[in-house]
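Heads up: the structure comes next, in structure tokens.
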Amino acid sequence: QVQLVESGGGSVQAGGSLRLSCAVSGRTLSNYAIGWFRQAPGKEREFVASINWRGGSTYYADSMKGRFTISRDNAKNTVSLQMDSLKPEDTAVYYCATRGVGRREYDYWGQGTQVTVSS
């Protein structure tokens, strides 16, 4: 049973920081990538960042690059998303998901964690 559990969401003021965590169980991640997505009310789901487990290659959406940092902890099967210089438009539910390296679709998703940024 593959499970992903996000944590670390909350409410912060604009300019503040949050660190999200995604704990993965039930799957070894050597041939997978972990991605972060977000969805704001009334908007489509948006790609945030991803990391390949084996080599650690990272990818960022242009709007996140320079503010968000994705990293992994192999021992804990955990992926973190450090979010700095948060803006009200970053308010969304943030999800993590797994994807086979050679595939387009993410197969397992977490329940999401709410991030609220106030002005």
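Scope of the values below: all heavy atoms of this structure, side chains included, with no hydrogens, waters or symmetry mates.
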- [ ] Please assess R72 against I34 for the test side-chain contact (heavy atoms from CB on, under 4.5 Å), listing each intermediate value before the final yes or no.
- [x] CA-CA 9 Å; R72 75 196 195 285; I34 306 295; over 6 Å; no
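- Within the model, atoms CG of N77 and CG of L4 stand 9.5 Å from one another, a figure rounded to the nearest 0.5 Å.
- We find the CE-CZ distance between M64 and R38 to be 3.5 Å, quoted to the nearest 0.5 Å.
- The distance from the CG atom of L20 to the CD1 atom of I70 is 10.5 Å, given to the nearest 0.5 Å.
- Here the two rings, on W109 and F37, have centers that are under 6.0 Å apart.
- Expressed to the nearest 0.5 Å, how far OG1 of T98 lies from CD of Q3 amounts to 12.0 Å.
- The two residues A92 and Q114 have their closest heavy-atom pair at O-NE2, 3.5 Å.
- Atom CD of E89 sits about 10.0 Å away from atom OG of S119, to the nearest 0.5 Å.
- Looking at heavy atoms from C-beta onward, W36 lies in side-chain contact with V79 at the 4.5 angstrom threshold.
- Using a 4.5 Å cut-off between side-chain heavy atoms of Ile, Leu, Val, Met, Phe, Trp and Tyr, with links allowed through other members, Y94 and V5 fall into different hydrophobic clusters.
- In this structure the side chain of M83 never reaches within 4.5 angstrom of the side chain of D90, judged on heavy atoms.
- In this structure, S85 and S17 approach most closely via the heavy-atom pair N-OG, 4.3 Å.
- The shortest heavy-atom contact between E6 and Q111 is OE1-N, 3.1 Å.
- Both tests pass for R99 against the ring of Y106: distance under 6.0 Å to the centre and angle within 45° of the axis.
- Distance check: R45 CZ to Q39 CD gives 5.5 Å after rounding to the nearest 0.5 Å.
- Residues Y95 and L86 are members of separate hydrophobic clusters, defined by side-chain heavy-atom contacts under 4.5 angstrom among Ile, Leu, Val, Met, Phe, Trp and Tyr.
- Nearest heavy-atom pair across T58 and Y60 is OG1-CE1, 3.6 Å.
- Cluster membership check: L29 shares its hydrophobic cluster with L81, using side-chain heavy-atom separations under 4.5 Å among Ile, Leu, Val, Met, Phe, Trp and Tyr.
- Seen from the ring of W53, R27 does not count as a face-on cation partner, given the 6.0 Å and 45° thresholds.
- Listed here is the closest heavy atom pair of V101 and Y32: CG2-N, 3.7 Å.
- Considering only heavy atoms from C-beta on, Y59 comes within 4.5 Å of N52 through its side chain.
- Listed for the D73 side chain is a donor-acceptor partner under 3.5 Å among the backbone atoms of A75.
- Following chains of ILVMFWY side-chain contacts shorter than 4.5 Å, one can reach V48 starting from V12, so the two form part of one hydrophobic cluster.
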TODO: Take K76 and S21 through the side-chain contact (heavy atoms from CB on, under 4.5 Å) test and state the conclusion after the steps.
DONE: CA-CA 11 Å; K76 297 180 179 179; S21 180; over 6 Å; no
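- T91 and V117 make their closest contact through OG1-N, 2.9 Å (heavy atoms, listed as atom of the first residue, atom of the second, distance).
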